[in-house]
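Right, one structure below, let's go through it.
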Amino acid sequence: QVQLVESGGGLVQAGDSLRLSCTASRSSYAMGWFRQAPGKEREFVATINWGGGNTYYTDSVKGRFTISRDNVKNTVYLQMNSLKPEDTAVYYCAAHRRPGDVPSGDLYSGRQFGSWGQGTQVTVSS
């Protein structure tokens, strides 16, 4: 298990920006951000491979969100710009269940992620 702690959520207006942070106990895992709104399924938002050279995004956030990582600080970030009310959700950081390189097909859902943070609330008002 990788221990993960998220921070950076809050209440903002449409068009504003937030940056979420996730501090991990180890930095050799592919990482991801996922979100879940009340009464809805958890959905993939963005993922990044262990080295930081490959990133993946769900279509609804492309061009607005950026995932990045700092392996010295053991931290993954999600920069969220041009926020919309439909971005409102609890955002979770997760680590893949295996370290190092993993198939890119693993990085479009949370099914292969074995460690999860506690979540941070993002609320976007219109």
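Values in this document were obtained by computation on a predicted structure and should not be read as measured data.
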If you take all heavy atoms of [X] and [Y], which pair is closest and at what distance?
X	Y	answer
Ser17	Asn81	OG-OD1, 2.8 Å
Gln36	Arg42	NE2-N, 3.8 Å
Val102	His96	CG1-CE1, 3.5 Å
Ala24	Leu4	CB-CD2, 3.4 Å
Gly114	Gln1	O-NE2, 2.8 Å
Leu107	Ala30	CD2-CB, 4.0 Å

Establish whether Val61 and Val90 are linked, either directly or via other cluster members, by ILVMFWY side-chain heavy-atom contacts under 4.5 Å.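 No, no single cluster joins them.
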Determine, using the 4.5 Å side-chain heavy-atom cutoff (strictly less than), whether Tyr92 and Ile67 are members of one ILVMFWY cluster.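 Cluster IDs for Tyr92 and Ile67 differ.
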Note, [X] side chain near [Y] side chain (heavy atom, < 4.5 Å):
X	Y	value
Trp33	Met80	no
Trp50	Pro99	no
Val122	Leu20	yes

Whether the side chain of [X] engages the backbone of [Y] through a donor-acceptor N/O pair (distance < 3.5 Å, no angle test) should be reported.
X	Y	answer
Glu6	Gln118	yes
Asp16	Leu11	no
Asn49	Gly52	yes
Thr88	Val124	yes

Roughly how far apart are [X] [atom1] and [Y] [atom2], rounded to 0.5 Å?
X	Y	atom1	atom2	result
Arg35	Leu78	CZ	CG	9.0 Å
Ser126	Gln13	OG	CD	9.0 Å
Ser60	Phe44	OG	CZ	9.5 Å
Thr47	Tyr108	OG1	OH	7.0 Å
Asn54	Ile48	CG	CD1	8.5 Å
Gln112	Arg98	CD	CZ	6.5 Å

Are Phe65 and Tyr57 close enough that their ring centres sit under 6.0 Å apart?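 Here the rings of Tyr57 and Phe65 have centres that are no less than 6.0 Å from each other.
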Measure centre to centre between the rings of Phe34 and Phe113, then say whether the value is under 6.0 Å.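 Yes, ring centres under 6.0 Å apart.
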With no hydrogens and no angle check, just 3.5 Å: does a side-chain donor-acceptor pair link Ser27 and Asn74?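 The answer is yes; a qualifying pair exists.
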Polar contact flag, side-chain donor to acceptor under 3.5 angstrom, Arg19-Gln79: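 On atom types as modelled, these side chains do not qualify, holding no pair under 3.5 Å.
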Please report the C-alpha distance between Met31 and Val2 in whole Å, then the side-chain angles of each, then the deciding distance to 0.1 Å, and finally whether the side-chain contact (heavy atoms from CB on, under 4.5 Å) criterion is met. CA-CA 11 Å; Met31 303 290 294; Val2 179; 5.6 Å; no
Please check if atom CD in Gln3 has more than 12 non-hydrogen atoms from other residues, nucleotides or ligands closer than 6.0 Å.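 Check fails, neighbour count at 12 or below.
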Please determine whether a side-chain nitrogen of the Lys or Arg among Lys84 and Asp87 lies less than 4.0 Å from a carboxylate oxygen of the Asp or Glu.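 Result for this pair is no, no salt bridge flagged.
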